[in-house]
Amino acid sequence: MVKLRLKRCGRKQRAVYRIVAIDVRSRREGRDLRKVGFYDPINKKTHFNIPAIRYFLEKGAQPTGTVHDISKRMGVFTELRFNQMKFN
């Protein structure tokens with residue numbers, strides 16, 4: 001199963017995270033399938049690759065709680081829902 005989760009990068013006390021699609025059995029810093037975003041909690045910066053996130057969600061990937069909360073704050077799921085309604 002594939003999950004969208006955070007992968008820690010950066011220095012000590014200055015963590016930044018990549019949002020990645022990764023196999024559930026892999027460790028946190030393990031090999032990811034694809035990078036789909038970036039999250040910097042210190043500077044409050046977030047970047048998402050919406051088409052890549054949509055692709056993995058359509059294939060059955062599940063976001064972790066933290067990734068879901070970040071995505072919800074940025075409005076990713078409302079954009080996905082809008083696009084689904086538009087195509088139907």
Side-chain angles (χ1 to χ4, degrees):
M1 185 164 125
V2 176
K3 283 210 176 222
L4 298 176
R5 69 183 189 197
L6 298 176
K7 184 175 183 179
R8 186 186 164 110
C9 302
R11 310 181 298 194
K12 285 195 273 184
Q13 305 297 319
R14 294 284 297 172
V16 293
Y17 299 92
R18 288 185 184 142
I19 301 168
V20 296
I22 193 167
D23 187 37
V24 173
R25 296 167 290 192
S26 297
R27 58 194 180 107
R28 184 183 67 187
E29 288 87 16
R31 187 174 186 126
D32 52 68
L33 301 172
R34 186 165 180 193
K35 295 173 185 75
V36 295
F38 174 81
Y39 174 60
D40 184 358
I42 296 169
N43 295 326
K44 306 286 192 245
K45 293 183 182 178
T46 307
H47 173 66
F48 288 107
N49 184 351
I50 303 293
I53 291 174
R54 184 183 314 139
Y55 170 78
F56 281 108
L57 290 175
E58 287 172 356
K59 296 296 182 186
Q62 297 293 316
T64 60
T66 306
V67 172
H68 184 270
D69 292 343
I70 294 167
S71 303
K72 197 172 178 182
R73 269 188 286 162
M74 296 302 292
V76 171
F77 292 114
T78 56
E79 185 173 326
L80 290 175
R81 197 171 304 120
F82 176 72
N83 286 336
Q84 289 175 353
M85 289 171 45
K86 187 176 177 182
F87 290 124
N88 290 337

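One is the number of the first residue; the rest follow in order along the sequence. Because the structure is predicted, anything quoted here is derived from the model rather than measured. Just so it is clear, the values below take in all heavy atoms, side chains as well, and ignore hydrogens, waters and symmetry mates.
For the pair D32 and K7, the minimum side-chain heavy-atom distance is below 4.5 Å. Considering only heavy atoms from C-beta on, N49 comes within 4.5 Å of R34 through its side chain. At least one side-chain heavy atom of L57 sits under 4.5 Å from a side-chain heavy atom of P63. By the 4.5 Å heavy-atom criterion applied to side chains, L6 and V67 are counted as neighbours.
Residues A15 and P41 approach most closely at O-CD, 3.7 Å, considering heavy atoms. Across all their heavy atoms, D40 and N43 have their closest contact at OD2-ND2, 3.0 Å. Between R18 and K35, the shortest heavy-atom contact is NH1-CE, 3.6 Å. For the residue pair R5 and D23, the shortest heavy atom distance occurs at NH2-O, 4.0 Å.
Here the CG-OG1 distance, from D69 to T66, works out to 6.5 Å after rounding to the nearest 0.5 Å. Between the NZ atom of K44 and the CZ atom of R73 there is a distance of 8.0 Å, given to the nearest 0.5 Å. Of the inter-residue distances, the one linking I19 atom CD1 with F48 atom CZ reads 4.0 Å to the nearest 0.5 angstrom. Between atom CG of residue L4 and atom OG1 of residue T64 there is a gap of 7.5 Å, rounded to the nearest 0.5 Å.
In the hydrophobic clustering of this structure, F56 does not group with V20; members are Ile, Leu, Val, Met, Phe, Trp, Tyr whose side-chain heavy atoms approach within less than 4.5 Å, directly or through other members. Residues V36 and V2 share a single hydrophobic cluster, defined by chaining ILVMFWY side chains whose heavy atoms lie under 4.5 Å apart. I53 and Y39 fall within a single hydrophobic cluster, where Ile, Leu, Val, Met, Phe, Trp and Tyr are joined by side-chain heavy atoms under 4.5 Å apart, directly or via other members. Hydrophobic clustering of Ile, Leu, Val, Met, Phe, Trp and Tyr side chains at less than 4.5 Å, counting indirect connections, keeps F38 apart from M74.
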